[in-house]
Peer 1: 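Attaching a single structure in structure tokens format; questions to follow.
Everything quoted here is computed from the prediction, not taken from an experiment.
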Amino acid sequence: MLLILFFVQCYGTNSAKRRAAAKHLIERYYHQLTEGCGNEACTNEACGSSPGFQRMDNNAAAIKALELYKNNAKLCDPHPSKKGASSAFPENSAKGAHNFSACSNGKMNHKDLQPTREDFRDLNYLTEEKVYEILSLCSETEDYSPLIRVIGRVFSSAESLVQSFCKEKQHTKEELKSLQAKDEDKDEDEKETASGSSTAMEVEPEASASSGDGSSNGENNIQKFGPVEVSVDIDAVRRVYDRLLSNEKIEAAFLNALVYLSPNVECDLTYHNVYAADPNYLNVFIIIMENSNLHSPEYLEIALPQFCKAMSKLPLPALAKLARLWSQYSADQIRRLVETFQQLITYTVISNEFSSDNLVNEDDGVVAATKCLKIVYYANVLGGDLDMDHNEEEDDEPIPESSELTLQELLGEERRNKKGPRVDPLETELGIRAWDCRKPLIPYEDFINEPLNEVLEMDKDYTFFKVETESKFSFMTCPFILNAVTKNLGLYYDNRIRMYSERRITALYSLVQGQQLNPYLRLKVRRDHVIDDALVRLEMIAMENPADLKKQLYVEFEGEQGVDEGGVSKEFFQLVVEEIFNPDIGMFTYDESTKLFWFNPSSFENEGQFTLIGIVLGLAIYNNCILDVHFPMVVYRKLMGKKGMFRDLADSHPVLFQSLKDLLEYEGNVEEDMMITFQISQTDLFGNPLMYDLKEGGDKIPVTNENRKDFVALYAEYMLNKSVEKQFKAFRRGFHMVTNESPLKYLFRPEEIELLICGSRNLDFLALEESTEYDGGYNKDSHIIKDFWETVHSFGQEQKRLFLQFTTGTDRAPVGGLGKLKMIIAKNGPDSDRLPTSHTCFNVLLLPEYSTKEKLRERLLKAITYAKGFGML
């Protein structure tokens, strides 16, 4: 029917009356083609009732109808059995025509004398009881066409779906019996009316809306519900689907109805603002999404993409309500929703050849499915283990802006998101952040679509992300669907473009004000005084012009000839981290059992030193360097704005966690058996005890079975937050000086930020061998290359780390593992006594062609064991 309307609009009719007449005639031709006139002996070749007529689909029928209209072809008069029948659903019209023609045939059984009961033309919405009633009648006659037509009519109409399966008032047994008696009387009346006159079938839809079971439902549709409550009975919908989807013919009716429904719904939402007029319009999406077969191949071609496009047009309040509703679903139900949208995305990606010329961002089906998946993602977050209350306080002082900002604004280069990273509008509407969830209903990994990540052109996607236009969609606005490697690439582009912008602004300043051109963040340090030199320089920059921290880092070691193309910076960070986290300095404490560092609450260092440590961590991310730091996960959660809680003690203070857990689970009398109070004891750097009251007068408040939960919560609050409040605030402030304008918090979860900073601890050297490239005459089949990999694979774990450190500047794998590391092994002359050398900036190993495997092993071990410093080759 949409095609018919389209043809009518495009056809040359220059008046409203002619257009209406043309539309009416084309519709008559269309129904004649799809339904027939009802006369089985019809001789019109363009009539569906003609014996030799070949069936066609809706689109073909619409085109043929236009052609017949142009040629002024013959129109059949409706057979008496067809009069008063409206077009219910074109796909099932063949069976409908057969049933109608049977009415004029004298050879019929008693059940055929109930046309109104079997065809249910006056039924404009469904209830669970009515579906079962029709299904029962169809089962008796073994003819499911009446049910198919009803499903087609109701499920292809948004108005009908909104009224269908509404919740009903709970009745007593007496009321139910009374209602049942009334229904039986009504059915008898309907039979009499149907047999008395055929004209009784010509009923206006508005008048018929009051017939059928549950007619009072339609009267109460427009009413206000809570943020989660909806008028549709979801359990009833599920039961109906369970009964009907096992029948292939009935399932086809759902599929065809969805194809017809989706464009109309999309139009309603785009142009008519229907949700604002009736919030129950959301029922359409609730009911359709309960179809457990949506992810099957039949739906993936047309029906589901169109429906996703319609759902993506929902206004923000409707999306939030849908997310809240789905958050009440079980994990299995959430997983089914995820699989439905993921199946569509994967199917579309695999079925097409996306490239830089044919971007996946421009595929409407993939984009719409991703937007729909976002609703499920937030439902998964809302339905998980939420921690909404324990939030870190914002910094008292705002991070100072650069004086260059004024010039940027004058040049049209005003920074985006100056007050921090962007926030998803749906997050704002729901009042949550992704990291508020400690444990979602299903793992976050289930939302990642690897085929999509493989075809995504991240440079183009990042451009769309920064431009923020409605015409171009960026998958960075839905980071849950991207893996850590893809998001890291997006962050890399953001950092590099920001560095370029700072370089450009510096060049403009040097021209305008005659200042010395200094486009880089230059650090010149002495290797044996790296901390003093670096931190003093960074402190001066942080105070004078924090914007310089966003320039590209360029490190120079005094007395060494190395040019920093990335490798020198890597070693600089390594040396800084080694000294800063040295327990002898006293800024951090080290736990031998967990191999993790924690802030020293008794440190003598001032807050400025911790600010500089935060700057170093931020610079490492900003310059794409991996650090060998070992913090518990609670540190990264605190960087994202969440306070530490009791459960976080499990990895930061495992012994204390176990003690407090035992206290909570103790079945005896806590007060008498343990004799502890709300006063705790800590030791300073010199081993002296320090007492702290968790409550005022804590030394006089005993811990009992009743208040032990308060004791545990206050103990955790002190250990993870209050005792290190000054140190951590300074640390976070330094970190945000570098990353405050970055999409870091928008793209990454706390565990992914740890991966960004520390890299992967899993060293898969087989993956490294697969990804390594060769130059200078070597290839993977060269004899020395085979000897080389046999030698490396025979190394112990510590030797492998030394090899990585020697070749790449870090002993950690990048995000995504060693398979993502592009190492090059190049020939460095014939056999000689020279040691292997490397360009850590470019991950290049220069390897002489040693004559024996033993010599190769000896030279390589010597190189990686004693390597330190930079020189010019």
Peer 1: Could you pull out the closest heavy-atom pair between Leu441 and Ala331, with the gap in Å?
Peer 2: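 Between these two residues, the closest heavy atoms are O-CB, 3.8 Å.
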Peer 1: So how far is it from Phe341 CZ to Lys374 NZ, rounded to the nearest 0.5 Å?
Peer 2: 13.5 Å
Peer 1: Looking at residues at least two apart in the chain, or sitting in another chain, which of them share a ring pair (Phe, Tyr, Trp, His ring centres under 6.0 Å) with Tyr718?
Peer 2: Tyr692
Peer 1: Please report, to 0.1 Å, the donor-acceptor pairs under 3.5 Å made by any side chain of residues 610-626, with sequence neighbours excluded.
Peer 2:
residue, atom, partner, partner atom, Å
Thr611, OG1, Glu607, O, 3.2
Thr611, OG1, Ala730, O, 3.2
Tyr622, OH, Lys550, O, 2.5
Asn623, OD1, Leu553, N, 3.0
Asn623, ND2, Leu619, O, 2.9

Peer 1: I'd like to check the side-chain contact (heavy atoms from CB on, under 4.5 Å) partners of Glu754; sequence neighbours left out, ordered by chain and number.
Peer 2: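 Checked Glu754 against side-chain contact (heavy atoms from CB on, under 4.5 Å); matches are Met633, Tyr636, Cys758, Arg761.
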Peer 1: In terms of the angle between their ring planes, are Phe765 and His793 parallel, tilted or perpendicular, with boundaries placed at 30° and 60°?
Peer 2: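 Taking His793 first and then Phe765, their aromatic rings stand perpendicular (interplane angle over 60°).
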Peer 1: What pairs of residues pass the salt bridge (charged side-chain N to carboxylate O under 4.0 Å, His left out) test when at least one of them lies in residues 475-486, not counting sequence neighbours?
Peer 2: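 Every candidate salt bridge (charged side-chain N to carboxylate O under 4.0 Å, His left out) pair involving residues 475-486 fails, so no pair, neighbours aside, qualifies.
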Peer 1: Please identify each residue that fulfils side-chain contact (heavy atoms from CB on, under 4.5 Å) with Leu664, with sequence neighbours left out.
Peer 2: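 side-chain contact (heavy atoms from CB on, under 4.5 Å) check on Leu664 returns Phe646, Arg708, Lys709, Val712.
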Peer 1: Between Phe735 and Phe731, how do the two ring planes meet: parallel, tilted or perpendicular, split at 30° and 60°?
Peer 2: parallel
Peer 1: May I ask you to test the Met476-Leu747 pair for a side-chain heavy-atom distance under 4.5 Å?
Peer 2: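 Contact flag for Met476/Leu747 side chains = yes.
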Peer 1: Look at the rings of Phe631 and Phe588 and say which category their plane angle falls in: under 30° parallel, 30 to 60° tilted, over 60° perpendicular.
Peer 2: tilted
Peer 1: Applying side-chain hydrogen bond (donor to acceptor under 3.5 Å, both in side chains), can you list everything that pairs with Lys726, at least two apart in sequence or on another chain?
Peer 2: none
Peer 1: Is the closest side-chain donor-acceptor distance between Asn483 and Glu450 under 3.5 Å?
Peer 2: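 Yes, because at least one side-chain N or O of Asn483 sits under 3.5 Å from a partner of the opposite role on Glu450.
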Peer 1: What is the distance from atom CD1 of Ile442 to atom CD of Gln333, rounded to the nearest 0.5 Å?
Peer 2: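 With rounding to 0.5 Å, CD1 (Ile442) is 12.0 Å from CD (Gln333).
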Peer 1: I'd like to know if Lys466 and Asp494 make a salt bridge, using a cut-off of under 4.0 Å between side-chain N and carboxylate O.
Peer 2: yes
Peer 1: Regarding Asp662 and Gln658, do their side chains bring together a donor and an acceptor under 3.5 Å, going by distance alone?
Peer 2: yes
Peer 1: Between Phe464 and Phe473, is the ring centroid distance below 6.0 Å?
Peer 2: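 Ring centroids of Phe464 and Phe473 are no less than 6.0 Å from each other.
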Peer 1: How far apart are the closest heavy atoms of Ser603 and Met587, and which atoms are they?
Peer 2: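 The pair with the smallest heavy-atom distance is OG-CA, 3.8 Å.
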Peer 1: Could you list the residues that satisfy side-chain hydrogen bond (donor to acceptor under 3.5 Å, both in side chains) with Glu706, not counting sequence neighbours?
Peer 2: Thr704
Peer 1: How far apart are the C-alpha atoms of Asn843 and Thr808, what are their side-chain angles, what is the distance that settles it, and do they pass the side-chain hydrogen bond (donor to acceptor under 3.5 Å, both in side chains) test?
Peer 2: CA-CA 5 Å; Asn843 304 328; Thr808 68; 4.9 Å; no
Peer 1: If you compare all heavy atoms of Asn453 against all heavy atoms of Leu482, which two are closest, and at what distance to 0.1 Å?
Peer 2: OD1-CA, 3.4 Å
Peer 1: With sequence neighbours excluded, tell me which residues meet ring pair (Phe, Tyr, Trp, His ring centres under 6.0 Å) with Phe573.
Peer 2: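 Testing Phe573 for ring pair (Phe, Tyr, Trp, His ring centres under 6.0 Å), a comparison that skips the adjacent residues, returns none.
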Peer 1: To the nearest 0.5 Å, how far apart are CZ in Phe599 and CD in Gln727?
Peer 2: 8.5 Å
Peer 1: Between Arg537 and Asp548 (salt bridge meaning N to carboxylate O under 4.0 Å), is one present in this structure?
Peer 2: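 No, Arg537 and Asp548 are not salt-bridged.
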Peer 1: Leu639 vs Phe728, test: side-chain contact (heavy atoms from CB on, under 4.5 Å). Steps then yes/no.
Peer 2: CA-CA 9 Å; Leu639 281 175; Phe728 183 79; 4.2 Å; yes
Peer 1: According to side-chain hydrogen bond (donor to acceptor under 3.5 Å, both in side chains), who are the partners of Arg433, at least two apart in sequence or on a separate chain?
Peer 2: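 Result, side-chain hydrogen bond (donor to acceptor under 3.5 Å, both in side chains) vs Arg433: none returned.
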Peer 1: Which residues satisfy the side-chain contact (heavy atoms from CB on, under 4.5 Å) test with Thr346, sequence neighbours excluded?
Peer 2: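 So Thr346 forms a side-chain contact (heavy atoms from CB on, under 4.5 Å) with Ile350, Asn449, Pro451.
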Peer 1: Does Asp385 pair with Arg647 as a salt bridge, N-O distance under 4.0 Å?
Peer 2: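 Salt bridge present between Asp385 and Arg647.
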Peer 1: Side-chain donor-acceptor pair under 3.5 Å between Asn600 and Thr589, yes or no?
Peer 2: no
Peer 1: For Pro654, enumerate each residue passing the side-chain contact (heavy atoms from CB on, under 4.5 Å) test, keeping only those at least two apart in sequence or located in another chain.
Peer 2: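 Per chain and number, Pro654 pairs via side-chain contact (heavy atoms from CB on, under 4.5 Å) with Asp591, Ser593, Thr594.
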Peer 1: Mind checking side-chain hydrogen bond (donor to acceptor under 3.5 Å, both in side chains) for Ser681 and listing every partner two or more places apart, or none if nothing turns up?
Peer 2: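 If we apply the side-chain hydrogen bond (donor to acceptor under 3.5 Å, both in side chains) test to Ser681, skipping adjacent residues, there are no hits.
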